[in-house]
Amino acid sequence: MQKFFNIEKTSEGKARAGELTTDHGKIQTPIFMPVGTVASVKTVHQRELKEDIKAQIILGNTYHLYLRPGMETMQEAGGLHKFMNWDLPILTDSGGFQVFSLASSRKMSEEGARFKSHIDGSYHMFSPEKSMEIQRQIGADIFMAFDECVAYPCEYNQAKTSMELTHRWLKRCIEWTENNPELYGYKQRLFPIVQGSTFSDLRKISAEVIAEAGAEGNAIGGLSVGEPEEEMYRITDEVTDILPKEKPRYLMGVGTPWNILESIGLGIDMMDCVMPTRNARNAMLFTWKGVMNMKNEKWKKDFSPLDEFGTSYVDREYSKAYVRHLFVSKEYLAKQIASVHNLAFYLDLVKVAREHILAGDFYEWKNSVVPVLRQRL
Ligand code: GUN
């Protein structure tokens with residue numbers, strides 16, 4: 001049987017190029033995973049995702065899909081791949097993080113999280129077992145352990161208590177998963193999540209506990225929640241020193257294009273973030289030359305292509321002036337074009353990073369492009 005994760009090349013530092021093999025296809029790493037929270041990557045067609053953006057895996061969310069359309073519909077559809085007509089790999093988040101950030105009220109206990117739906121105010125309970133059950137019903141290729149993510153800043157004792165709860169919940173996730181097989185005939189892999197806020201000793205303990213669990217891949221959570229960038233890099237560096245080298249490492253909810261490159265440099269293989277789509281809807285475009293605000297007056301009569309270095313059809317077929325006009329006129333098409341552009345750019349960014357890892361000059365390249373990516377155009 002094919003190994004789940006195969007590392008093709010490790011660079012002079014911690015960056016590596018590899019390949020994940022799932023029952024829905026292969027994923028070249030490092031990879032960025034577009035977020036499709038409610039069975040839709042906002043404003044983007046599945047065909048565009050596959051053919052123009054070249055997404056290799058997308059994300060879905062337990063919290064949202066459980067509330068709507070609900071698991072009866074999901075199971076009758078035969079799982080999320082069939083429901084949304086996406087036959088490449090999918091990863092689902094476990095719901096804990098969304099309860100923490102979205103539910104209009106929540107109460108955490110040893111048992112799990114009781115929360116009030118942000119949609120209709122109804123009350124629900126997520127336990128580790130319930131999260132696992134829902135993720136079986138959704139049927140993602142990779143699914144996440146049920147964890148608690150604390151806010152930043154966080155008192156040491158609270159971070160410690162929460163991390164220990166996450167570790168106890170992980171045991172329950174593993175036990176439930178071992179006793180309850182997949183529903184749709186293909187393999188699902190559970191990734192546990194390292195927590196511990198910005199405290200090095202807690203992160204070390206958590207990374208050791210997570211590594212010890214022996215899962216096929218591991219994730220780092222609780223970052224990009226408001227801490228300074230340098231703190232995020234420091235913790236990521238410390239944790240990737242402990243997590244097993246031969247398994248994929250997923251940094252959750254990160255980030256800007258420069259965060260992506262720095263994280264790859266620290267040994268991260270997988271990342272996701274709403275930023276390329278959310279910021280696109282607010283007229284912010286990421287490019288190889290820097291960040292553009294498409295509402296800016298300066299693009300008013302700039303009829304040059306949207307992005308001369310862009311890989312997507314929208315970059316060649318539409319001008320900056322046209323896209324600015326669409327944003328100023330509040331046209332839906334503006335959001336669609338910008339989302340396709342940003343996602344195609346993120347996928348191009350990780351593809352080029354991979355090429356540099358394989359060529360052996362990743363760090364030199366990264367250090368030269370990061371200041372350019374951060375520029376405001
Ligand atoms: N997405 C971003 N950060 C986190 C986290 O800490 N936990 C989970 N489950 N999802 C996340």
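Residues meeting the side-chain hydrogen bond (donor to acceptor under 3.5 Å, both in side chains) test with Thr92, sequence neighbours left out: Gln135. With sequence neighbours left out, the side-chain contact (heavy atoms from CB on, under 4.5 Å) criterion links Leu102 to Tyr63, His64, Gln98.
Under the 4.5 Å side-chain criterion, counting only non-hydrogen atoms from C-beta, His356 is not in contact with Lys366. With a 4.5 Å cut-off on side-chain heavy atoms, Phe100 and Val150 do not count as touching. Here the side chains of Lys187 and Glu182 are in contact, with some heavy-atom distance below 4.5 Å. In this structure, Leu49 and Ile58 have side chains that are in contact, with non-hydrogen atoms separated by less than 4.5 Å. Proximity of Lys130 to Ile134: side-chain heavy atoms (C-beta onward) are separated by under 4.5 Å at one or more points. In this structure, the side chains of Gln56 and Leu20 stay at 4.5 Å or more apart for every pair of heavy atoms. Inter-residue side-chain proximity for Leu223 and Met252 is flagged as unmet; no heavy-atom pair is nearer than 4.5 Å. Using a 4.5 Å heavy-atom cutoff, the side chains of Leu170 and Ile193 are not in contact.
Inspection of the Glu133 and Asn180 side chains reveals no N or O donor paired with an N or O acceptor under 3.5 Å. Judged by distance alone, the side chains of Asp272 and Tyr346 never bring a donor and an acceptor atom under 3.5 Å apart. Between the side chains of Lys3 and Thr21, no donor-acceptor pair is found at a separation under 3.5 Å. In the model, Trp299 has no side-chain atom that pairs as donor or acceptor with a side-chain atom of Asn293 under 3.5 Å. A donor atom on one side chain and an acceptor atom on the other are not found under 3.5 Å apart for Thr236 and Ser263. Side-chain contact, Ser117 with His124: no donor N or O sits under 3.5 Å from an acceptor N or O. With hydrogens and angles left out, the side-chain atoms of Thr198 and Glu227 include no donor and acceptor closer than 3.5 Å. If you check the side chains of Gln28 and Glu19, you find a donor sitting under 3.5 Å from an acceptor. Judged by distance alone, the side chains of Gln188 and Asp141 never bring a donor and an acceptor atom under 3.5 Å apart.
Note on Asp87 versus Lys50: salt bridge recorded, some NZ/NE/NH1/NH2 to OD/OE distance being below 4.0 Å. One finds a salt bridge joining Arg168 and Glu110 here, because a Lys/Arg side-chain nitrogen approaches an Asp/Glu carboxylate oxygen to under 4.0 Å. Remark: Asp241 engages Lys14 in a salt bridge, criterion side-chain N to carboxylate O under 4.0 Å. A salt bridge links Glu216 with Arg189: at least one charged nitrogen is closer than 4.0 Å to a carboxylate oxygen. In summary, Glu308 and Arg316 do not engage in a salt bridge, as defined by a charged side-chain N under 4.0 Å from a carboxylate O. Classification of Lys171 and Glu175 as a salt-bridged pair fails, no side-chain N sitting under 4.0 Å from a carboxylate O. Between Arg16 and Asp269 there is a salt bridge, since at least one side-chain N of the basic residue sits less than 4.0 Å from a carboxylate O of the acidic one. With salt bridges taken as basic N to acidic carboxylate O contacts below 4.0 Å, none links Lys204 and Glu238. Salt-bridge formation is not detected for the pair Glu229/Arg234: no Lys NZ or Arg NE/NH1/NH2 atom is positioned less than 4.0 Å from an Asp or Glu carboxylate oxygen.
The 12-atom threshold is exceeded at NE2 of His118, counting heavy atoms of other residues, nucleotides or ligands nearer than 6.0 Å. Within 6.0 Å of atom NZ in Lys320, more than 12 heavy atoms from other residues, nucleotides or ligands are found, so the atom counts as buried in its surroundings.
Residues Trp86 and Gln46 approach most closely at CZ3-O, 3.8 Å, considering heavy atoms. The shortest non-hydrogen separation linking Gly255 to Cys273 is N-CB, 3.6 Å. When all heavy atoms are compared, the tightest approach of Met108 to Ala113 is SD-CB, 3.5 Å. Between Val323 and Tyr318 the shortest heavy-atom distance is CG2-CB, 4.1 Å. Nearest heavy atom pair, residue Leu80 against residue Gly60, reads CD2-CA, 4.5 Å.
The only option from Asn218, Ile220, Leu91, Ile268 that meets the side chain to side chain contact (heavy atoms under 4.5 Å, CB included) definition with Tyr250 turns out to be Leu91. When each of Leu343, Asn342, Val340 is tested with Thr277 by the rule side chain to side chain contact (heavy atoms under 4.5 Å, CB included), just one qualifies, namely Leu343.
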Checking side chain to side chain contact (heavy atoms under 4.5 Å, CB included) for the pair Glu246/Phe5: CA distance, chi angles, key distance, verdict? CA-CA 7 Å; Glu246 70 283 5; Phe5 187 48; over 6 Å; no
Residues Ser206, Gln195; criterion side chain to side chain donor-acceptor pair (under 3.5 Å); working and verdict: CA-CA 6 Å; Ser206 191; Gln195 291 290 348; over 6 Å; no
Salt bridge (Lys or Arg N to Asp or Glu O under 4.0 Å) evaluation trace for Arg354 with Glu8: CA-CA 10 Å; Arg354 191 177 198 277; Glu8 287 165 44; 2.8 Å; yes
Test side chain to side chain donor-acceptor pair (under 3.5 Å) applied to Glu231 and Tyr152, step by step: CA-CA 11 Å; Glu231 287 281 279; Tyr152 176 87; 4.9 Å; no
Stepwise side chain to side chain donor-acceptor pair (under 3.5 Å) check, Gln137 with Gln75: CA-CA 6 Å; Gln137 291 162 341; Gln75 276 187 276; 3.2 Å; yes
Determine, step by step, whether Tyr363 and Ile357 satisfy the side chain to side chain contact (heavy atoms under 4.5 Å, CB included) criterion, reporting the C-alpha distance in whole Å, the side-chain angles of both residues, the deciding distance to 0.1 Å, and the verdict. CA-CA 8 Å; Tyr363 291 92; Ile357 296 168; over 6 Å; no
Please assess Asp147 against Ser94 for the test side chain to side chain contact (heavy atoms under 4.5 Å, CB included), listing each intermediate value before the final yes or no. CA-CA 8 Å; Asp147 63 330; Ser94 52; 3.6 Å; yes
Which is it for Tyr233 and Asn259 under the side chain to side chain donor-acceptor pair (under 3.5 Å) test, yes or no, and what are the steps along the way? CA-CA 8 Å; Tyr233 298 146; Asn259 291 160; 2.8 Å; yes
Show your working on side chain to side chain contact (heavy atoms under 4.5 Å, CB included) between Tyr332 and Ile337 and close with a plain yes or no. CA-CA 9 Å; Tyr332 294 128; Ile337 292 172; over 6 Å; no
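At least one cation-pi condition fails for Arg172 and Phe146: the charged atom is not both under 6.0 angstrom from the six-membered ring centre and inside a 45 degree cone around its axis.
The backbone N or O of Arg114 lies less than 3.5 Å from no partner atom in the side chain of Arg106, so there is not a single donor-acceptor pair. Within the 3.5 Å criterion, the main-chain N or O of Glu51 finds a donor-acceptor partner in the side chain of Lys54. A donor-acceptor contact shorter than 3.5 Å is absent between the side chain of Asn85 and the backbone of Lys82.
Note: Tyr184 and His81 fail the aromatic proximity criterion, with ring centroids not under 6.0 Å apart. Separation of the Phe115 and Tyr123 ring centroids does not fall under the 6.0 Å cut-off. Between Phe286 and Phe345, the ring centre distance reaches or exceeds 6.0 Å.
There is a path of hydrophobic side-chain contacts, each under 4.5 Å, that joins Met284 to Val35.
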